[in-house]
Structure formats: structure tokens, C-alpha cells
There are 2 protein chains.
Amino acid sequence: MSSASDIHSLTMLIRKLESIATLTNEERQAILSLPAKTRVLQPGQDIARDGDKPSQCCLILNGWACRYKVLGEGRKQIFSFHIPGDIPDLQSLHIHTMDHSLATLTEATVAFIPHESMRELTTRFPGVKAALWRDTLVDAAIFREWMIGMGRKSAFGRIAHLFCEMYLKLQAVGLAGGYRYPLPITQIDIGDALGLSNVHVNRTLQAMRGKGLISLRSNTLVIEAWDELMRVSEFDPTYLHLEKRAA
Amino acid sequence: MSSASDIHSLTMLIRKLESIATLTNEERQAILSLPAKTRVLQPGQDIARDGDKPSQCCLILNGWACRYKVLGEGRKQIFSFHIPGDIPDLQSLHIHTMDHSLATLTEATVAFIPHESMRELTTRFPGVKAALWRDTLVDAAIFREWMIGMGRKSAFGRIAHLFCEMYLKLQAVGLAGGYRYPLPITQIDIGDALGLSNVHVNRTLQAMRGKGLISLRSNTLVIEAWDELMRVSEFDPTYLHLEKRAA
DNA sequence: CGCTAGCTTGACCTAGATCAAATATGGTGG
DNA sequence: CCACCATATTTGATCTAGGTCAAGCTAGCG
């Protein structure tokens, strides 16, 4: 059942989908009437675990989450960071067993939407289905871009690329502007995402500060030289497939 | 228009889709009646290039292909290997601009299917649409698994993992069995896929041969110790989401 | 005010890169 | 059948980005 505040929260999903696709008024209305149960989660809490068979999707309303998998001996790989508007486990609609885990990185507000409701929605509105499929494809495009980083870029380029990517993603849903945004994750998280040790992330961040590319204090990232940051990281935003191209 | 030989070729697509989903008789029939233009391509030929806006999908009937992107200074990242039954540019249905390239690795037979025909098919048969969406999601799962390799595994583990993965994928469409398969790619290709230099790929392959895990001569890979290969590469086939689980 | 999670620094080490040259190998044309 | 060529593979020597280990430091919070 949707309450007044849930309706506001589903606006976040509309904003996200409209950053990569176009929706009709009817489709927006239908999304707004999705039933969603909202919960506030603590940082570091698992939302879905490797092996689970979820019966609902989760929409991030506030805070950050990540998808990850742990291997032996404390090795961990983060696959993606998720921000408000994202449905990080959208794939569970079509792939019934989780092959990785999903957890909050910060305190987070999330809305749970039953698969059943999602299926009704996508059956009635093929345009919404297309937008969601497209979202999973953009997701895959981001994975590919991270693969380039881990396969062929230096630590410096990888981190710089991540900072560019998150800026555009946040900006697309109205959560960043003026080349600055809240970055509420640890250097260990950055390392686990990019295949680096926390020590090396730390040293590389200092180098980036030293070159005047960024400043990062108390979880606020300021990009001091956007063009240069894009250049050194070989960042080309095409792969995000944003409808309204940002600066 | 489909000729007799095209009908045979679309069987390959059915086989692939049935490895990850179930199809009704009606759906199989509809797939068989897709129009497809078949062509034979030389090795190393681009099928679609970064920046293109394709109006058709390409189905691999014979040979191998790969998706890749080139950066400056000869650096190249291969994102995926594709084998018969795959539609490597399926995403072009929903993402209109290519953000990477697609090329043959060997001489290859491919069938081109107009987007329009794919759209008709998926509109009439939601089950086929679901199977194709699922295919793009499995694709993304494979990207994630490669990310684990590049981020957190040794060269040895990465190559071993690739060998396990390709065996199950080939087996799923009937192109491998008895722990052996044709591997018609160079050591440079393997390096470009896994983020390694050709020299190091070579040395690692020798180590794998030395340990009696594989043999590889004249483009034929024999897995001499499947269990051990799985173990050293931390290979867990769950992420392939195959309907009929292989050995 | 003290605890704890995160950040920073230093010393040292290693997997894998790079560079350069030598061999295979598999066609091709004669 | 052979000589030739281009493409792969293999080997050796050397180098470096980034890992590992261990110890301080700092800041926010109860």
C-alpha cells in the first residue's frame, strides 16, 4: 500500500528512469501507484545475499548501497555503487537466484516493491518494461567500463574515472551539481570496487589532491578540474547513455 | 527471407535460449521464422563499431567473436567472447549507440536480423522477450565475474576461470564435451580479455600445463583436471544461470 | 574524554609488465 | 615437396606499480 511519503519516494524512480529513457504521463502515473514498503537500514546491512531468491525489488531512496561478492581470505569485489533512484536488484525479476550480495554502505532508506507488482506494471506498460530493460543494459555498460579500468588503467586513472562517473550519475537525478558531491564511502570501499589496496587508494588520492584535481574532506568530494580529471581518466560519458547529456 | 539453411541456423539461437530459459513450441516456431541474412566474415573483421547505430542484430552461427574497446597506446580490453548461438549486440535493441565494438576472432558465419523483426517477435511473444532480457542479464553476470578476476584474482586463477567458463558455455549449446574444446583465439586475445600481457599469459599457460591441469595444442584445449581447475580458479557456475546444470 | 573506525606513513616485497630476440607453425605459391 | 612469409609462441633479462605488513595518527561520537 502506498502512503503519501511513498508517493514522493517513487518520484525518485521516475527521475532515474527519465535520465535514461522517456516516459508518458500514463506511465509516470502507473509508477507512482506502485505499492512500496519503506524501511530505514543501518550502514553495512545486507539487503539480499548471494544465493537468495528474492520476491521483491528494492529501490534506493536515500543513501548509498553496493553490490559485491566475497572470495576467500578477506578478498572482496564491489561491482557497483548505487544511489537514490536505483533498483540494484532489478535483475532478480528474471534471474531468480542471486549470484552476488547487495548491501547498504551508509544509513539508507529503501522501498521494497513486490516482483508481482513490477510484473503487472511491465505487462501493462511496455514502455516501462523497455526503460527497465534499458536500465539493466546501462548497468552492464558500467560493468564494462570498470573492466577497462581494472584491466588496462592505472590506479590513478581508475579512481579519477569513478569520480567522473559518480558525478554524472548523481547529477542525473539531481543529487550533485557545481562539481561537488557527498561521497559517503571509505577508501577501503573504493579499493574493493577498483581492485586496489586501501593503502594504494590513499596514496593515489593524495597524488590527485597534490595535482589540484580534487579535494576530498569529510565525505565531500570537490572536483577542482573537471576537464583534466576526464582527460587523465580517459572518461567518455557515452556509456552512461544519459538522455540529457551533462557538461 | 529465410532459406532452408537459415532455418537451421536459427536453431542455434533456440538452443542458446533454451540453455538459459524455457520456450514453448509456438515460441520456437516464431523464432525459426525470423528473417535472417547470413554472411561469412573473415577473422578480425569488425561487425559493429564504437559509435555506430545499428539497425540489426547479429547472431553468431559459426566461429568466435568478441566485444572490445581500444584505448590509447595499443591498450585494448576485450569484454566478452561470443560463440555460436550468441547475439552479442542484442543490447542495440534498446541502446541505440554502440559504446564499444564487436568483431570476429576467427572466420565466422553470422546471421543478421533486423531490429524491426526482433521487436515484432518480442511484442508478440513476451516469453521470448523475457528470455532475451534474461540473456542480457546473464551477460552482465559474466562481466561481474570477470571483474572479480581482474580485481582480485591472480593471472593463474583468471585464465583457469575463463577456461571453465568457456567449457560450460560451449557445452550448453552442444559444442564441447569430454572436457575438451576448440579454442581458436591467441594468447594476446586472452591477455586483452583478462588484463594481462601476452608474455605473462604464455608463462602462466606453461605453469598450467606443468601442473597437469590442461593441455593446449593447435587450438584445442583439453581440461585434464576439471575439479582441480575449478578449485584453483574459485569457479562456481551459478552465475551462468544455466537451466540444465552441467557436470 | 576516551574509543573506534578510518586515514596516513614508512619499509619492503612481488606479480606481472616491458623490451628484445629467438623459435615454432601454418599456410601459399611454385 | 619445399622455400618463404606472416603470425604466434616462447625465452631471457630487467623494471615497476601496486601489494603487504606494521605502526601511528585523527576525527567524530557516545
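Numbers restart at 1 for each chain; the letters A, B, ... are given by sequence-line order, proteins then strands.
Between Ala65(B) and Leu105(B) the shortest heavy-atom distance is O-CD1, 3.7 Å.
Contacts of Asp89(B) classified as side chain to side chain donor-acceptor pair (under 3.5 Å), with partners at least two apart in sequence or in another chain: none. Judged as a side chain to side chain donor-acceptor pair (under 3.5 Å), and not counting sequence neighbours, Arg209(B) has no contacts.
For the residue pair Thr136(B)/Asp139(B), the side-chain donor-acceptor check at 3.5 Å is not satisfied. Glu224(A) and Ser215(A) are linked by a side-chain donor-acceptor pair at a separation below 3.5 angstrom, with hydrogens and angles left out of the test. In this structure, a donor-acceptor pair under 3.5 Å is present between the side chains of Tyr239(B) and Glu165(B).
Taking atom CD of Glu107(B) as the reference point, atom C1' of dG27(C) lies 14 Å away to the nearest angstrom.
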Reading nucleotides 10-22 of chain C from 5' to 3' and marking B where a protein heavy atom lies under 4.0 Å of the base, S where only the sugar-phosphate is that close, and - otherwise, the string is BB----BSBB---

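A heavy atom lying under 4.0 Å from DNA chain D marks none of the residues of residues 63-79 of chain A.
Rounded to the nearest 0.5 angstrom, Glu234(B) CD and Arg75(A) CZ are separated by 4.0 Å. Atom OH of Tyr167(A) and atom CG of Leu221(A) lie 10.5 Å apart (nearest 0.5 Å).
Between the axis at the start and the axis at the end of the helix from dC1(C)-dG30(D) to dG30(C)-dC1(D) there is an angle of 40°, using five pairs per end and rounding to 10 degrees.
A donor-acceptor pair is defined here as one N or O able to donate and one able to accept, closer than 3.5 Å; such a pair exists between the side chain of Thr104(B) and the backbone of Gly44(B).
Ring to ring, His100(B) and Phe143(B) are not that close: their centroids are 6.0 angstrom or more apart.
For DNA chain D, the contact window with chain A, defined by any atom under 4.0 Å from a protein heavy atom, covers dG18(D) to dC21(D) in 5' to 3' order.
Counting only heavy atoms from C-beta outward, the side chains of Leu59(A) and Leu10(A) approach each other to under 4.5 Å.
Judged by a 6.0 Å distance limit and a 45° cone about the ring axis, Lys211(B) is positioned over the six-membered ring of Phe156(B).
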